[in-house]
Undergrad: 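Okay, here's the structure, questions in a sec.
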Amino acid sequence: NGSFPANFSNLTDLQVLDAYNNNFSGPLPLEISRLTKLQHLHLGGNYFEGNIPPQYSNLESLTYLALSGNSLTGIIPPEIGNLVKLEQLYIGYYNQYEGGIPFSLGRLTNLVRLDMADCG
């Protein structure tokens, strides 16, 4: 319960971070955007709120990104389209976005699974 630990940004060689269903709350942690070797990031099933940080586009090695099952709002940042290695993207369930699907997601040519179910 509570906010995500900021000291995770010190784990610069981390490749997999799975924090699914841990009752974290507050905004999505910006510090994660410094973990440029991450390939798998799962922050779903928590109580994160606010926007998806555009800085997450710094995670150029990501092949898996799951943010579903939170309380995210705002737009889906077009910068997500810069994550060209993404194969799976889960951003639905309980998140309520505005503005539709950004055209930049069309650049995700390696994407094999896009789950935006029930996200407003």
Undergrad: Nearest 0.5 Å please: distance from the CG atom of Leu43 over to the CG atom of Leu65.
TA: 8.0 Å
Undergrad: Among all residues two or more places apart in sequence or in another chain, which pass the side-chain contact (heavy atoms from CB on, under 4.5 Å) test with Ser61?
TA: Gln39
Undergrad: State which residues pass ring pair (Phe, Tyr, Trp, His ring centres under 6.0 Å) with Tyr94; sequence neighbours excluded, sorted by chain then number.
TA: none
Undergrad: Grab the two heavy atoms, one from Pro54 and one from Ser57, that are nearest each other, plus how far apart they are.
TA: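 Looking at all heavy atoms of both residues, the closest pair is O-OG, 2.8 Å.
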Undergrad: Counting N and O atoms only, with roles assigned by atom type, does the side chain of Asn46 sit under 3.5 Å from a partner on the main chain of Asn23, one being a donor and the other an acceptor?
TA: yes
Undergrad: Quick one: are Thr73 and Glu98 in side-chain contact, heavy atoms under 4.5 Å?
TA: no
Undergrad: Going by heavy atoms in the side chains, are Thr12 and Arg34 under 4.5 Å from each other?
TA: no
Undergrad: Output yes when a side-chain donor or acceptor of Asn82 lies under 3.5 Å from a complementary backbone atom of Ile80, and no otherwise.
TA: no
Undergrad: Do Leu72 and Leu67 have side chains that get closer than 4.5 Å, going by heavy atoms?
TA: yes
Undergrad: Starting at CD1 of Ile52, measure out to CD of Glu79 and round the result to the nearest 0.5 Å.
TA: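 Reported to 0.5 Å precision, the distance equals 10.5 Å.
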Undergrad: Taking it one step at a time, do Gln88 and Tyr90 satisfy side chain to side chain donor-acceptor pair (under 3.5 Å)?
TA: CA-CA 7 Å; Gln88 298 184 61; Tyr90 301 88; 2.5 Å; yes
Undergrad: Is there a side-chain contact between Leu38 and Val16, using heavy atoms and a 4.5 Å cut-off?
TA: no
Undergrad: Is it true that Tyr93 and Tyr47 fall in one hydrophobic cluster, defined by side-chain heavy atoms closer than 4.5 Å?
TA: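 No, it is not one cluster - the side chains of Tyr93 and Tyr47 are not joined through contacts under 4.5 Å.
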Undergrad: Can Asn51 and Ile75 be said to form a side chain to side chain contact (heavy atoms under 4.5 Å, CB included), step by step?
TA: CA-CA 7 Å; Asn51 298 332; Ile75 65 166; over 6 Å; no
Undergrad: Taking the side chain as everything from C-beta on, heavy atoms only, tell me whether Leu111 gets closer than 4.5 Å to Leu105.
TA: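 The answer is no; the side chains never approach within 4.5 Å.
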Undergrad: Determine, using the 4.5 Å side-chain heavy-atom cutoff (strictly less than), whether Tyr64 and Leu28 are members of one ILVMFWY cluster.
TA: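 Per the 4.5 Å side-chain linkage, Tyr64 and Leu28 are not co-clustered.
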Undergrad: So which heavy atom on Pro27 is nearest to which on Phe48, and how close?
TA: O-CD2, 3.5 Å
Undergrad: Closest heavy-atom contact between Gln55 and Ser33?
TA: O-CB, 3.3 Å
Undergrad: Supply the atom-to-atom distance Ser71 OG to Asn95 CG, rounded to the nearest 0.5 angstrom.
TA: 7.0 Å
Undergrad: Counting C-beta onward and ignoring hydrogens, is there a side-chain heavy-atom pair between Tyr97 and Ile91 closer than 4.5 Å?
TA: yes
Undergrad: Restricting to non-hydrogen atoms, name the atom on Ser104 and the atom on Pro78 that form the minimum distance, rounded to 0.1 Å.
TA: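 Looking at all heavy atoms of both residues, the closest pair is OG-O, 2.5 Å.
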Undergrad: Is there a side-chain contact between Tyr56 and Pro77, using heavy atoms and a 4.5 Å cut-off?
TA: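 Not in contact.
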Undergrad: Are the side chain of Asn58 and the backbone N or O of Thr36 linked by a donor-acceptor pair below 3.5 Å?
TA: no
Undergrad: Kindly give the heavy-atom pair with the smallest separation between Asp18 and His40, and that separation in Å.
TA: OD2-NE2, 4.1 Å
Undergrad: Would you say Ile101 and Leu86 are hydrophobically clustered, going by side-chain heavy atoms of ILVMFWY under 4.5 Å?
TA: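 Per the 4.5 Å side-chain linkage, Ile101 and Leu86 are co-clustered.
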Undergrad: Quick one: do Leu62 and Leu11 end up in the same hydrophobic cluster if we chain Ile, Leu, Val, Met, Phe, Trp and Tyr together by side-chain heavy atoms under 4.5 Å apart?
TA: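 Hydrophobic grouping puts Leu62 with Leu11.
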Undergrad: Less than 4.5 Å apart, any side-chain heavy atom of Ile76 and any of Met116?
TA: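 Heavy-atom side-chain distance check passes, below 4.5 Å.
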Undergrad: On the 0 to 90° scale, with breaks at 30° and 60°, tag the Phe4-Phe24 ring pair as parallel, tilted or perpendicular.
TA: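 If you compare the ring of Phe4 with that of Phe24, the planes turn out perpendicular.
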Undergrad: At their closest point, which heavy atom of Lys85 faces which heavy atom of Glu60, and how far apart are they?
TA: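 Shortest heavy-atom separation between Lys85 and Glu60 comes out as CD-O, 3.5 Å.
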